[in-house]
Amino acid sequence: MIIKPRTRGFICLTAHPEGAAQNIKNQIEYVKSKGKIENGPKKVLVIGASTGFGIASRISAAFGSDAATIGVFFEKEASEGKTGTAGWYNSAAFEKEAHAAGLYAKSINGDAFSDEIKKQTIELIKQDLGQIDLVVYSLASPRRTHPKTGVAYASVLKPIGAPFSNKTVDFHTGVVSDITINPIESQEDIDNTIAVMGGEDWKFWMEDLKAAGVLAEGVKAVAYSYIGPELTFPIYRNGTIGQAKNDLEATVSTINDLLADLNGISYVSVNKALVTQSSSAIPVVPLYISLLYKVMKAKGIHEGCIEQMQRLFADRLYNKDGVSLDENGRIRVDDLEMRADVQAEVAELWEKATTENLEELSDIVGYREDFFNLFGFNFEGIDYEADTNEMIMVESIK
Ligand code: NAI
Ligand code: NA
């Protein structure tokens with residue numbers, strides 16, 4: 001099949017297997033170039049392991065620390081006339097590279113929110129690894145079916161209290177426009193969003209893993225959060241999704257109690273704003289990211305998911321001098337994004353940005369590049385006119 005990008009809004013309906021493989025290879029090369037992580041993780045479970053921060057975490061553990069990895073994700077393999085999803089191709093490519101390097105890697109494709117997938121994962125750990133020493137929780141989903149009640153929750157991205165008006169960009173066309181997002185109408189919107197993106201499922205995972213005896217002495221667990229600048233507070237940190245992130249962050253102390261007798265510990269890491277399938281769905285944020293990229297690239301401090309996760313592992317989680325935390329007990333790898341000089345320049349550009357000057361003021365070109373890269377497109381050295389085999393079969397993905 002000759003595979004071209006086919007987009008609908010912020011979604012790309014197609015993905016390119018060879019491009020995705022190139023994406024994975026580039027990330028592996030980056031991690032290798034940074035050298036081995038001293039005393040890094042050895043047996044790792046990554047939940048949400050196929051795209052974005054999750055696959056970057058998996059690559060950092062495997063190629064930075066020779067870790068055996070089990071990945072859990074929700075992706076589709078190719079079917080008649082349809083490509084697989086990007087996360088499927090990423091995972092297939094990762095497993096191939098890991099196996100070639102002599103590293104254990106297996107994956108479970110299914111609904112991580114369900115009891116069944118948790119059970120299957122635990123069986124696989126017991127069978128192959130015995131115990132794990134790191135659990136990375138990197139799920140991002142718009143919905144969750146609760147495993148105990150069967151209730152299906154859908155999250156919303158809305159402000160709380162008052163309508164939010166600001167600029168936004170259609171990153172395909174580069175048109176900057178004003179948008180007003182109406183606030184939640186009831187507490188239910190908050191509760192639903194917390195049910196999907198809050199900490200309960202992370203806690204369920206940790207409880208089940210602990211009860212099964214598959215967590216090693218000194219186990220670490222990490223989940224990802226975001227704060228960002230004041231200009232996105234109404235839609236992000238003070239909005240419905242921010243309430244879910246507060247809930248996720250509060251779950252750290254519950255999990256720490258659970259892990260205490262194993263001398264284990266859990267963290268939330270606040271990561272940088274980056275183009276992923278999840279962040280491109282949030283209004284206003286893509287314009288912020290394209291201005292942020294411009295400023296951070298000019299200062300030589302831009303990072304993608306892989307640079308962020310390699311740094312999280314090497315300089316934070318496995319730093320021999322200890323894990324530095326902010327006043328709320330969180331790991332911060334958004335430190336460069338949040339630097340005062342960076343934020344001041346972004347705020348200045350934010351005021352000025354229009355459709356007419358967007359290409360000049362922002363890195364909308366880099367935004368688009370990253371977006372298409374997520375799906376395996378626009379990589380150098382890949383012949384996108386060539387027929388390619390979309391039917392990638394992988395033994396180690398169940
Ligand atoms: P992503 O969309 O790239 O990755 C989501 C992952 O979750 C994929 O592996 C997907 O297969 C998996 N997944 C979704 N639903 C699932 C289900 N029901 N069962 C099993 N797997 C499922 O998202 P991204 O951006 O990497 O987000 C990961 C975490 O990082 C989230 O907590 C997000 O809030 C956080 N974060 C993201 C930032 C960003 O700018 N993208 C910034 C800071 C934090
Ligand atoms: Na992820």
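In each ligand, atom 1 is the first atom listed, and ligand 1 is the first ligand listed.
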Pull out every atom of ligand 1 sitting under 4.0 Å from any heavy atom of Ser138, numbered as shown with elements.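 Ligand 1 atoms under the 4.0 Å threshold to Ser138: 5 (C), 6 (C), 7 (O), 28 (C), 29 (C).
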Non-hydrogen atoms of [X] versus ligand 1: any pair closer than 4.0 Å?
{"X": "Gly87", "result": "no"}
{"X": "Gly110", "result": "yes"}
{"X": "Lys272", "result": "yes"}

Geometric N/O contact [X] with ligand 1, under 3.5 angstrom:
{"X": "Leu274", "value": "yes"}
{"X": "Asn271", "value": "no"}
{"X": "Gly54", "value": "no"}
{"X": "Gln277", "value": "no"}
{"X": "Ala112", "value": "yes"}

Can you find a pair of side-chain heavy atoms, one from Tyr137 and one from Asp201, that are under 4.5 Å apart?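 In short, these two side chains touch, coming nearer than 4.5 Å.
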Step by step, work out the ring pair (Phe, Tyr, Trp, His ring centres under 6.0 Å) result for Phe371 and His172. CA-CA 10 Å; Phe371 178 80; His172 292 297; 5.6 Å; yes
If you take the nearest heavy atom of each of [options], which one is closest to [atom]?
{"atom": "atom 32 (O) of ligand 1", "options": "Glu337, Met197, Lys245", "value": "Lys245"}
{"atom": "atom 4 (O) of ligand 1", "options": "Val268, Thr276, Thr51", "value": "Thr51"}
{"atom": "atom 27 (O) of ligand 1", "options": "Ala140, Ala223, Gly52", "value": "Ala140"}
{"atom": "atom 44 (C) of ligand 1", "options": "Ser225, Ser280, Gly48, Ala273", "value": "Ser225"}

Qualifying residue for side-chain hydrogen bond (donor to acceptor under 3.5 Å, both in side chains) with Arg58, from Ser50, Ser91, Ser107: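 One option only clears the test, and that one is Ser107.
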Distance to the ring centre below 6.0 angstrom and angle to the axis at most 45 degrees; does that hold for Lys148 and Phe204?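 Output yes; distance and angle both within limits.
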Report yes or no: is the cationic atom of Lys25 (NZ for Lys, CZ for Arg) under 6.0 Å from the centre of the six-membered ring of Phe379, at an angle within 45° of the ring normal?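 Relative to the ring axis of Phe379, which defines the angle, Lys25 lies outside at least one limit.
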If only atom types and distance count, is the side chain of Asn90 paired as donor or acceptor with the main-chain N or O of Thr51 below 3.5 Å?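 Not a single qualifying donor-acceptor pair exists.
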